[in-house]
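The structure appears below as structure tokens.
In the text below, chain A, chain B and the rest are named by the order of the sequence lines, each starting its count at 1.
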Amino acid sequence: MSLPKNLLSLRGVRKAYGDNVVLDGMDLEVAAGECVVLIGASGSGKSTLLRCVNLLETVDDGVIELAGADITDPRVDADKVRSGIGIVFQAYNLFPHLTVLDNITLAPIRVHRVPRDAARARAMEMLERVGLADKAAAKPDELSGGQQQRAAIARAMVNSPQLMLLDEVTSALDPELVGEVLDLLRELKSEGMTMLVCTHEMAFARDVADQVCFLHHGRPLEIGPPAQVLDAPREARTQEFLRRVSGTTGR
Amino acid sequence: MTTWQPSELQRERIAYRRRQARRSTVIALVSSVILLALVVVGIGSTPGWPRVRATFFDVHRGWEALPVVAEGLWLNVRVMLVCAVLIVVFGLTLAIMRTSRGPIFFPLRVFAAAYTDVFRGLPLLLVIFLLGFGVPALQLRGLPNQAVIWGGAALVLTYSSYVAEVFRAGIESVHPSQRAAARSLGLSYRQTLRFVVLPQAVRRVLPPLLNDFVSLQKDSGLIAVLGVIDAIRAAQLETAEDFNFTPYVVAGLLFVALTIPLTRLTDYVARRQGWYGGGGGPV
Ligand SMILES: Nc1ncnc2c1ncn2[C@@H]1O[C@H](COP(=O)(O)OP(=O)(O)OP(=O)(O)O)[C@@H](O)[C@H]1O
Ligand SMILES: [Mg+2]
């Protein structure tokens, strides 16, 4: 066996909810430092894929390897795997009873046993980065959609994960905030963060992605650099999807 | 920062709102006074009123009974406080058992379900009799035999089942995405429960929980059947002397006086902390 060259690799992953087969023999390779963007129609299984990688769902078949270790093995410590992966959910899922700062420090203090002061200092650094330092004491309900989004990104980043999973991080934002969040992700990428991103934001895909993967019927129908998949798609399905997306967003 | 001065239009609006508010207050006041007057005149003019007043609202008699009844009430308060603590602990434990996952906990889930089914169904008075008369009759050594203790135990057993269901409803009302978010950060099942699920669950069920405790406060009087002298029993003893029911009214007023500040306080705290509502995504 050669050394694993990819940080994340999915082979033949299958996931079904009852009769609804959402992922059907999904293969995907994500190299360290790479940004892979998943596109596909609503309901095509993008969020499901991210949840499987984060072990929030158990796969029905296939293998997911993170840094060469099979994380779909039922013997692995799922909590440990998860703490090395940052995920930002489509609906952010901030904890409403905690302040923004406490949202971010919860895992470092409780899981990683970082002393409280150090955790707070680091959380403030993250908040500074995402431009939310003045909202540290606010509750999530008191934040705008874009601010919640950035708080969720800060929360996911604070554990210094090897891999970030981002689910439609810009779906609820106005164009200006989209720009802000995308700038942040670009910056993360330039620092070498590995990212797997679901998005309908073709501009972002074109700009940041190393690879774009078009999901259709639970499989990657077309994978390749953005110039190929987005600008010269080979498959008829991809062409149709892109036509529809550009029709709705004007891009 | 520029100093903001309300515009002409806004000042007009403020003045209008103030006029409306004043009007509302006056209307509320007038209607209350009229209603009260009608009630007083209505009841006061009934033929039996003087007699009723003498039997139920005898101020002098009430004043006389107050110390005895208040002493009984002090027992209710103590029983209720101690029981409330135990009930919260047991109720929460039962709810956690019942919502636990994984095959190891199967027996716990079954136990919790069976427990709530049984004790929610059994009449409280029956449980009090069973424990209060039944257990001491066994003449087991080492067990206490004061009636208060067994009466309190019966309250705890029964109310734990109600409170467990309230907590369970709260736990289940926390959206699964909250658990997912906590687990995704690496928190274990227990940590997720403790730091994410329970804090949200408890805040949500605070009003129904309080309801149960107000009800407990009143039911704590039932242990009088075991011969304990609480507020109601004290009132009964007083009444037996001269068939004047004023001591009962005194006891009732004292109970009400105890619960009102408690409910108001909880509502106030909960609202101030923003405990009600919330938990949704961005609107
Ligand atoms: N917990 C669940 N139980 C049953 N079915 C589910 C569950 N979660 C997702 N599904 C189904 O799986 C399919 C894929 O859902 P998923 O959320 O992965 O879509 P998506 O690609 O992220 O869509 P979108 O772009 O709208 O976010 C859908 O048909 C959905 O109904
Ligand atoms: Mg989705």
Side-chain angles (χ1 to χ4, degrees), chain A residues 47 50-51 53-57 77-99 102-113 138-149 151-152 155-159 161 164-165 167 171-173 177, chain B residues 1 92 95-96 100-105 166-167 169-209 266-267 269-283:
Chain A
S47 301
L50 296 192
R51 283 205 306 275
V53 171
N54 204 21
L55 303 183
L56 292 170
E57 303 278 0
D77 179 354
D79 292 334
K80 202 156 167 202
V81 172
R82 288 193 199 105
S83 69
I85 301 177
I87 182 166
V88 180
F89 294 90
Q90 199 161 354
Y92 322 145
N93 301 3
L94 292 169
F95 305 129
H97 62 296
L98 299 178
T99 63
D102 290 339
N103 259 277
I104 299 174
T105 55
L106 180 65
I109 293 174
R110 302 296 170 185
V111 181
H112 303 276
R113 304 278 162 208
K139 291 279 175 69
D141 285 352
E142 298 156 11
L143 302 186
S144 75
Q147 291 168 337
Q148 291 190 28
Q149 179 118 55
R155 185 176 72 176
M157 286 193 319
V158 79
N159 287 336
M164 285 273 277
L165 308 173
D167 198 348
S171 55
L173 307 183
L177 287 173
Chain B
M1 286 282 131
L92 199 54
I96 290 171
S100 62
R101 284 154 206 199
I104 312 183
F105 301 119
V166 171
F167 277 131
I171 290 175
E172 281 172 0
S173 78
V174 175
H175 196 269
S177 65
Q178 287 286 309
R179 285 179 191 263
R183 298 308 293 272
S184 79
L185 289 168
L187 269 71
S188 65
Y189 180 88
R190 286 181 54 162
Q191 288 172 323
T192 301
L193 194 66
R194 166 145 176 239
F195 298 114
V196 175
V197 177
L198 285 183
Q200 296 184 50
V202 170
R203 283 160 207 204
R204 268 179 222 180
V205 299
L206 214 62
L209 210 56
T266 333
D267 263 358
V269 171
R271 196 151 296 140
R272 239 179 63 137
Q273 303 279 331
W275 284 3
Y276 297 154
V283 188

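For the set A/Asp77, A/Val81, A/Asn54, the count of heavy-atom pairs under 4.5 angstrom toward chain B peaks at A/Asn54. By number of non-hydrogen pairs under 4.5 angstrom with chain A, the leading residue of B/Pro199, B/Ala182, B/Ser188, B/Gly186 is B/Gly186.
Of the possible polar contacts, one joining the B/Gln191 side chain to the A/Arg110 backbone as a donor-acceptor pair under 3.5 Å is found. With hydrogens and angles disregarded, no donor-acceptor distance shorter than 3.5 Å links the side chain of B/Arg179 to the backbone of B/Thr192.
Using a 4.5 Å heavy-atom threshold, the side chains of A/Ile87 and A/Asp167 count as separate. Side-chain atoms of B/Leu198 and B/Ile96, non-hydrogen and from C-beta on, do get closer than 4.5 Å to each other.
Proximity to chain B involves both the backbone and the side chain of A/Arg155, based on heavy atoms less than 4.5 angstrom apart. Of the atoms belonging to A/Phe89, it is side-chain heavy atoms, and not backbone ones, that fall under 4.5 Å from chain B. When heavy atoms are compared at a cutoff of 4.5 Å, A/Leu56 approaches chain B solely by way of its side chain, counted from C-beta outward.
With rounding to the nearest 0.5 angstrom, the CG atom of A/Leu106 is 7.0 Å from the CG atom of B/Leu185.
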